[in-house]
Each structure stands twice: as structure tokens, then as C-alpha cells.
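Written below as C-alpha cells is the structure these notes are about.
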Amino acid sequence: MPTRRSVLFSTAAAASMPTALFSQAANKWAPAMDLARSYDQMHTLVISQAGQIRLGEVLRGPSLERAVNVKSVSKTVVAALMGAAIDRDEVLGVDATLGQIVPDLIPASADPRVADITLADLVTMQAGLERTSGANYGDWVSSPNWVAYALSRPMIREPGEGMLYSTGSFHILGVALARATGRSLLSQARQRLGNPLGIRISAWAQDPQGNYLGGNEMALSPLSMIRFGEMYRLGGIWQDQQVLSNTWVETSFVPRTRSFFSGLAYGYGWFLGRTQGHNFALARGYGGQLICILPDLELTIAITSDPTRPARSAGYFGALMRLIGDIVPIAKTT
């Protein structure tokens, strides 16, 4: 039988996020907890408001401190690393092209337009290349060179003209960032996010050339997910340290395209929408791994779920969005 542990962090500031001061969760959050418990796919639910963790619930699986596979939430992390590289002038901005950064990685057989694909096209998954996600994912990761395979796909659309959800786009982005910064994606993640946020980032999957997978398979604990989301909510700041520029954070939340699958808008690594009259930004991973920020409510929510089961918009993901919608009126009460 799965165990269920309810915890409330009621006195700790967000700067410290302690994990020892547990008590019974306040009745205020009981409706959200009851709904969460009805989802047999959900593992954890953490709610932070106004800089304090109000609720942490483990329904099944590891503790709130244990890192788990957050799947495509990794894409939002890579987008943050892109912002960090731009903040440091290591790349020429979102309009820098593959032809400028990694011309030697473009296969001779690639469409000539590949050289003009920009970092903005990659981070919004508007490269125009045939997707390497979904039914194409297995063939892609079975190939001997993931970058060459992704860049050799046929052009389905002109670059910048619509979202084609593809982990390959983020992997190309990660390799481009590694080349531009002279640091592996793992080194960037640890030094530019892990260290200032005080979170542990372990090594994850690499391609046959040793490049860390951009856009999938990273591991974060639910409490680390909260810190990452809170840093974005606070304009790139954590514990009085500017982790990302406020300009990058604001730019990330500007809608650039739209998902065919969920209908949500998409910025730089974040899905964007509204619920109960409030804007939200969402990092989403397969199976129901989520970080949701509702800035005007000072609210950050982290959810982890069974990573082996799908979470489609008409299924479990839709249920999670209803849960977030139900959390909003609770968060507005005093």
C-alpha cells in the first residue's frame, strides 16, 4: 500500500525552505488535498505562496527532498541556461543562428535553411524540422548522432512559423549552448542554477558524442522545483542574488507560439495561459511533472507524478489543470 505523508511549512521564509518543521496541513488546503489524493498517478504536491511553503503532500513515491525524473520540465531548465548565457554575453542573443554558433555540426545533407535557425526558433520549438518527439523519439535516440539526425530531418515549416513539439530542438540548443559557453550543460546547470539556488543537480543522460540531453531526463526534487519556480516568480532573484536577469524572465513569459496539443501559448521554455482569471506560466514534463507559477497570487506549485504513464491534455494533464484552477480560489482566501 502506498504511504501518504502530509506536511506544512508554515513558518519558514522561502529563502531557507526548511524541510524539518512539519505539522498537519491547514484545513484551508483540504479541498486541494482531497482532489490530489483522488489521482492515483500523482506522487507529490507542493504549494508555496508569498514566499512560504504552505503545503507539501507525498501521496506515494520518494520524499519531497528526493530528486526524481522531471522529464520535459528539463526544457524549461535549458531555456533558463540560454538566458544565463545571453546575460553573460556568451551568445549574441536570441537571434544568433546555428550557422554562427555551430556551423561544423550542420550535416552536408541538411536543408540549407538549417543554418538560419535561431536560438529563438529552438527554444520555442519552431525550428521547422520534423519532430523527434512522440512516435519519432525512439528512432532519434537510437541513432548514432542525435544532433546530426535532428538537423537532417526534413523541413515541415519555415523556421519561426509555428510550434512543432520536439525534444531534438532543445537538444540542439543545449549543444549550441555548450559550444558557446565552453561548458557542458551539466556544468552550466550546476554552476548557474544549482549553486545559487542551493539545489543538487545530478548528471543525466548523454548522447553518443557525450553531450548532455537537452530537454529531457533531468532530475529535481519537488522542493528544488519550487525554488526554481520561485526564482522565476521573483524576477530571477533568489536569496538576494540575481540568478537570471529580470529582462530574461519577463521575455520568457511573452507568448511566441501555441501548442497544437494543449492549446496553451508558449514563450521561452514556458507554457502560458489563464485559469480563474489569473495568468500562469507552466513547465510541463511527461507523465504529469509540473511547475506552475501564478505571479499575481504570489503562488508557485510543484507536482510530480508517475513518469511511466502518459498525461494527455484530455486526460491526467487536464485533471492537473483543474486542480490548479481549484487551488486559485483557495489561495485567494485569507
Side-chain angles (χ1 to χ4, degrees), residues 13-15 17 48 50-51 70 73-98 100-101 118-126 160 169-170 172-199 201 212 214-215 218 220 224-257 265-272 279-283 291-300 302:
M17 296 284 189
S48 174
V70 294
V73 170
S74 307
K75 292 179 172 64
T76 312
V77 176
V78 173
L81 295 176
M82 174 176 158
I86 291 173
D87 289 343
R88 291 166 172 79
D89 295 322
E90 293 170 334
V91 293
L92 299 176
V94 298
D95 294 326
T97 68
L98 293 179
Q100 294 170 323
I101 301 173
T118 66
L119 297 185
D121 294 332
L122 295 171
V123 78
T124 58
M125 292 186 281
Q126 297 187 92
S169 289
F170 266 90
I172 296 164
L173 175 59
V175 174
L177 292 176
R179 181 70 65 88
T181 64
R183 299 172 181 268
S184 71
L185 213 57
L186 173 62
S187 175
Q188 293 175 64
R190 285 176 169 171
Q191 295 183 13
R192 299 177 175 185
L193 296 175
N195 288 348
L197 292 175
I199 63 178
I201 299 178
Y212 284 93
M218 292 184 185
L220 295 172
S224 296
M225 295 164 72
I226 286 287
R227 288 191 179 200
F228 180 81
E230 280 285 276
M231 179 268 292
Y232 263 89
R233 184 183 70 80
L234 296 170
I237 295 174
W238 179 258
Q239 289 188 330
D240 298 322
Q241 182 176 351
Q242 196 79 48
V243 181
L244 297 173
S245 69
N246 184 65
T247 298
W248 178 255
V249 171
E250 290 184 349
T251 299
S252 299
F253 294 155
V254 175
R256 312 283 172 176
T257 185
Y266 197 70
Y268 289 161
W270 293 89
F271 291 94
L272 307 168
N279 291 333
F280 66 80
L282 189 75
I291 303 172
C292 185
I293 307 166
L294 293 101
D296 61 347
L297 295 176
E298 300 181 281
L299 194 65
T300 299

Handout entry: Shortest non-hydrogen separation from V91 to A180 and the atoms involved
Key = CG1-CB, 3.3 Å
Completion exercise
Sorted by chain and residue number, the salt bridge (charged side-chain N to carboxylate O under 4.0 Å, His left out) partners of R183 (sequence neighbours excluded) come out as none
Practice task
Check for a donor-acceptor pair, side chain of S245 on one end and backbone N or O of D87 on the other, with a separation under 3.5 Å.
Solution key: no
Practice task
Answer whether the closest heavy-atom distance between the side chains of W238 and Q241 falls below 4.5 Å.
Solution key: no
Exercise for the section: Starting at CD of E90, measure out to CG of L81 and round the result to the nearest 0.5 Å. Expected result: 10.5 Å
Practice task
Go through I101 and L119 one step at a time and tell me if the side chain to side chain contact (heavy atoms under 4.5 Å, CB included) criterion holds.
Solution key: CA-CA 10 Å; I101 301 173; L119 297 185; 3.9 Å; yes
Handout entry: Steps toward side chain to side chain contact (heavy atoms under 4.5 Å, CB included) verdict (L98, L122)
Key = CA-CA 10 Å; L98 293 179; L122 295 171; 3.9 Å; yes
Practice task
Might you point out which heavy atoms bring W270 and T76 nearest each other, and give the distance in Å?
Solution key: CE2-CG2, 3.2 Å
Exercise for the section: Identify, with sequence neighbours excluded, every residue that meets salt bridge (charged side-chain N to carboxylate O under 4.0 Å, His left out) alongside E250. Expected result: none
Handout entry: Straight-line distance of L282 CG to Y266 OH, nearest 0.5 Å
Key = 10.0 Å
Exercise for the section: Might you point out which heavy atoms bring F170 and A79 nearest each other, and give the distance in Å? Expected result: CE2-N, 4.2 Å
Handout entry: Exam field: side chain R192 to backbone A84, donor-acceptor pair closer than 3.5 Å
Key = no
Practice task
Might you work through the side chain to side chain contact (heavy atoms under 4.5 Å, CB included) test for L177 and M82, ending with a clear yes or no?
Solution key: CA-CA 7 Å; L177 292 176; M82 174 176 158; 3.9 Å; yes
Practice task
Answer yes if the side chains of E230 and T300 hold a donor-acceptor pair under 3.5 Å, and no otherwise.
Solution key: yes
Exercise for the section: Could you grab the distance from atom CG of L272 to atom CG of N279, nearest 0.5 Å is fine? Expected result: 8.5 Å
Fill in the blank from the handout: Shortest non-hydrogen pair, T181 vs Q188, comes out as OG1-NE2, 3.3 Å
Handout entry: Closest contact, heavy atoms only, L244 versus A80
Key = CD2-O, 3.4 Å
Completion exercise
Here the gap from W248 atom CH2 to Q242 atom CD, rounded to the nearest 0.5 Å, amounts to 14.5 Å
Exercise for the section: Report yes if the side chains of T124 and Y268 come closer than 4.5 Å at any heavy-atom pair, otherwise no. Expected result: yes
Exercise for the section: Could you please spell out the steps behind the side chain to side chain contact (heavy atoms under 4.5 Å, CB included) verdict for I199 and L193? Expected result: CA-CA 8 Å; I199 63 178; L193 296 175; 5.5 Å; no
Exercise for the section: Hey, can you tell me if Y232 and F253 have their rings parallel, tilted or perpendicular (30° and 60° cut-offs)? Expected result: tilted
Handout entry: Heavy-atom closest pair, residues V78 and M218
Key = CG2-CE, 3.8 Å
Completion exercise
In this structure, CG of L186 is separated from OH of Y212 (nearest 0.5 Å) by 4.5 Å
Completion exercise
Interatomic distance, OG@S187 vs CZ@R190, rounded to 0.5 Å, equals 8.5 Å
Problem - Residues forming a salt bridge (charged side-chain N to carboxylate O under 4.0 Å, His left out) with R179, sequence neighbours excluded - result: D104
